[in-house]
Amino acid sequence: QAQLVESGGGLVQAGGSLRLSCAASGLTFSNYVMAWVRQAPGKEREFVAAISTGGSITNYADSVKGRFSISRDNGKKTVYLEMNSLKPEDTAVYYCAARGSRVVIRTISGYDYWGQGTQVTVSS
């Protein structure tokens, strides 16, 4: 049974940095496109970033482009989200998601497995 477990969230001041991790188990990690999705209070979930199975292709939401970086280590079955220059509007629960395909997409409904989320709070 596939399982995704996020870690690394916390409280940080505006302008600061955080690195999120997502450890996968129960699936052939290298066959899955991985993504980060976030949900702010009172808002719908929104796409943040995605990475191809081999890591050569990435895709970012405009709101995080240039500040966030997604990467993966297939040997460790882990995907990361490096977040820099954080803003209060980045405050949200961040979810890791896996898609059983080699096609990188932004559509959230296209992802098959989800983690439980990790809270990121950015204070002003």
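Just so you know, residue 1 is the first one in the sequence shown, and it goes up from there.
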With hydrophobic residues grouped by side-chain heavy-atom distances under 4.5 Å, do [X] and [Y] end up in a single group?
{"X": "Y60", "Y": "L20", "value": "yes"}
{"X": "F68", "Y": "Y80", "value": "no"}
{"X": "Y32", "Y": "V48", "value": "yes"}
{"X": "M83", "Y": "V64", "value": "yes"}
{"X": "V104", "Y": "L27", "value": "no"}

* Counterpart residues, side-chain hydrogen bond (donor to acceptor under 3.5 Å, both in side chains), relative to E46 (two or more places apart) ->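 If we apply the side-chain hydrogen bond (donor to acceptor under 3.5 Å, both in side chains) test to E46, skipping adjacent residues, the hits are R38.
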* To do: Please identify each residue that fulfils side-chain hydrogen bond (donor to acceptor under 3.5 Å, both in side chains) with Q119, with sequence neighbours left out.
  => T121
* To do: For residues 35-77, pull every pair meeting disulfide (SG to SG under 2.5 Å), keeping only residues two or more places apart or in separate chains.
  => none
Would you give me the side-chain donor-acceptor pairs under 3.5 Å for residues 4-16, sequence neighbours excluded?
from	atom 1	to	atom 2	distance (Å)
E6	OE1	Q116	N	3.1
E6	OE1	Q116	NE2	3.4
E6	OE1	G117	N	2.9
E6	OE2	C96	N	2.8
E6	OE2	G117	N	3.3

* Is there a salt bridge (charged side-chain N to carboxylate O under 4.0 Å, His left out) between D90 and K87 once you walk through the steps? -> CA-CA 5 Å; D90 294 319; K87 305 175 181 179; over 6 Å; no
Say you draw a straight line from [atom1] of [X] to [atom2] of [Y]; how long is it, rounded to the nearest 0.5 Å?
{"X": "S69", "Y": "R19", "atom1": "OG", "atom2": "CZ", "answer": "9.5 Å"}
{"X": "S30", "Y": "N74", "atom1": "OG", "atom2": "CG", "answer": "5.5 Å"}
{"X": "R72", "Y": "T58", "atom1": "CZ", "atom2": "OG1", "answer": "12.0 Å"}
{"X": "M34", "Y": "T78", "atom1": "CE", "atom2": "OG1", "answer": "9.0 Å"}

* To do: Please list, chain by chain and in numerical order, all residues satisfying side-chain contact (heavy atoms from CB on, under 4.5 Å) with R102, sequence neighbours excluded.
  =>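 R102 satisfies side-chain contact (heavy atoms from CB on, under 4.5 Å) with N31, T53 only.
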* Residues in side-chain contact (heavy atoms from CB on, under 4.5 Å) with I105, at least two apart? -> R99, V103, T107, Y111
I need the minimum non-hydrogen distance between [X] and [Y], along with the two atoms involved.
{"X": "F29", "Y": "D73", "value": "CE2-O, 3.9 Å"}
{"X": "N59", "Y": "F47", "value": "O-CZ, 3.5 Å"}
{"X": "A49", "Y": "L81", "value": "CB-CD1, 4.3 Å"}

* Identified side chain to side chain contact (heavy atoms under 4.5 Å, CB included) counterpart of L18 within the set N84, L86, T118 ->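 Result for side chain to side chain contact (heavy atoms under 4.5 Å, CB included) with L18: L86.
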